[in-house]
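Structure first, commentary second.
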Amino acid sequence: MKDPFEKHERRRKPERARDEIDEEFAFHLDASARDARAAGLDAQSAQAKAGADFGDVSTYRDACLRVAHPWRTLMGKKQTGKWSLAATCLAIGVIAGVLIPEALDDFRSDYTPREWQRVGAFEGLVWQNDLPIVLVDNRWYVLDAINGRQIESFMEATEARFGDRTRKRFKEDLYEVLQALDEPTDAIDATLRDPVSGAVVEKPGLELTQEKRNNAYGEGWRSQPDVPPVPEVPMAGDIPAYRFFC
Amino acid sequence: MPPAPPPPPMPTPDPPAPELLRGTLDMMILRTVADEPRHGYGVVRRIEQTSGGVLGVEEGSLYPALHRLVKRGLLTAEWGTSENNRRAKFYRLTAAGRKRLKRDQTAWSAMAAAVTRVMAGGQGPTRAEGVPS
């Protein structure tokens, strides 16, 4: 069974990630040097060849860390950023402590948790060839990834959680899906692909709103004159080849 | 008799465009671990071996790609023991990775066939005539 604290632990200990990367690289360099020795080089030359074949260790270590901990890597390089963040958090805390409780009293009487969860990131959503085709800014795209996670992986995790209600949940209750997958629920980073040209479009910070969700749910886009018809998405073999170069 | 002029230098091939490698490397990694879980060094050697030594990248550049594929849920990574009893991280294809590989392989075959037709001056079967799509 997956350890529920694993993700949190990984986030908390980037230094452990660094150690693991170093161990992984050390294994690679040792194996490479061993093969070079087996091919006839002396120990020193073999080690030098392994290093040269691998390239700059610190460059690749940083690249791996950026994949695992993008914001921590950034903070590690810019210490001033860390203090700015701390100061901002403190200021927010003070404001929250003074102003929010009063506002919350007025708000509580109208608060309906279910309503808040009925939010979505796309103005329309249809399925073609098992792929979600989404409407963003009045244009249709193939949804390739959410928060950097490929859509196949995302849908698989959704299916494991929601079974045969997967597509319905995805379309109508994206908030619930994101929450179940431990993803941020206020906005998503969407990687989209133009179904005709194959061009990849990144839409970072795509906000989840009730209006978008309702438009997708009620298929309100069908009656909106500025929304183009849903394009025919080609089958896999017809996907423009330059997808690979993007 | 004057000495023979030195032979002209051998032309060196231009390095492949990084744009070409960026996407294809991911696809080749997925294919390489599709048969069995491999550690990073094993992936490098396998790509080199199966490409007949034609495809060789700076070996360290493989790791950001491996880590990215894990983050995207297309691979899983697990520490295990190597053939030499060393602790090594092994990468395995997930079900999502297998689906993505299938899609990419199909599209790649179609593109490779199309480029081959172009380079052959338009000769050869078109998709309608039986090129895999």
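Note: hydrogens, waters and symmetry copies are ignored here, and every other heavy atom, side chains too, is used.
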Neighbour count above 12 (heavy atom, 6.0 Å) for A:Phe162 CZ: yes
Of all heavy-atom pairs between A:Ser153 and B:Gly73, which one has the smallest distance, and what is that distance? OG-CA, 3.6 Å
Using a cut-off of 6.0 Å, state whether more than 12 heavy atoms not belonging to B:Gln49 lie near its atom CD. yes
Return the CD to OG1 distance between A:Glu156 and B:Thr94, rounded to the nearest 0.5 Å. 6.0 Å
Shortest non-hydrogen contact from A:Cys64 to B:Pro64? SG-N, 3.6 Å
Side chain, backbone, both or neither: which part of A:Arg61 has an atom under 4.5 Å from a heavy atom of chain B? neither
Surrounding CZ of A:Arg139 (heavy atoms of other residues, nucleotides or ligands, distance under 6.0 Å), is the total greater than 12? no
Between the CD1 atom in A:Ile21 and the NZ atom in B:Lys89, the distance rounded to the nearest 0.5 Å is 7.0 Å
Using the rule given for side-chain contact (heavy atoms from CB on, under 4.5 Å), can you reason through A:Tyr60 versus B:Glu59, listing the C-alpha separation, both sets of side-chain angles and the distance that settles it, and then say yes or no? CA-CA 10 Å; A:Tyr60 292 125; B:Glu59 295 174 4; over 6 Å; no
Within a reach of under 6.0 Å around CD of B:Glu83, are more than 12 heavy atoms found that belong to other residues, nucleotides or ligands? yes
Indicate the atoms forming the closest heavy-atom contact of B:Tyr41 with A:Ser32, along with that distance. OH-CA, 3.4 Å
Part of A:Ala145 within contact of chain B (heavy atom distance under 4.5 Å): neither
Which atom of B:Glu58 lies closest to which atom of A:Phe54, heavy atoms considered: CG-O, 3.4 Å
What residue, out of A:Ala26, A:Gly55, A:Ala52, has the most heavy-atom pairs lying under 4.5 Å from chain B? A:Gly55
Side chain, backbone, both or neither: which part of B:Val115 has an atom under 4.5 Å from a heavy atom of chain A? neither
Rounded to the nearest 0.5 Å, the CG atom of B:Leu66 sits from the CD atom of A:Glu24 at a distance of 7.0 Å
For A:Lys49, side chain to side chain contact (heavy atoms under 4.5 Å, CB included) partners two or more places apart: A:Ala36, A:Leu41, A:Asp53
Neighbour count above 12 (heavy atom, 6.0 Å) for A:Gln47 CD: no
Spacing of CZ belonging to A:Arg66 relative to CZ belonging to B:Arg68, to within rounding of 0.5 Å: 11.5 Å
Checked B:Gly42, B:Ser61, B:Ala65, B:Gly97 vs chain A; the most non-hydrogen pairs under 4.5 Å come from B:Ser61
Can you tell which of B:Arg98, B:Lys99, B:Arg100 makes a salt bridge (Lys or Arg N to Asp or Glu O under 4.0 Å) with A:Glu152? B:Arg100
Would you find more than 12 non-hydrogen atoms of other residues, nucleotides or ligands less than 6.0 Å from B:Arg92 atom CZ? no
Does the gap between the ring centers of A:Phe25 and B:Tyr63 come in under 6.0 Å? yes
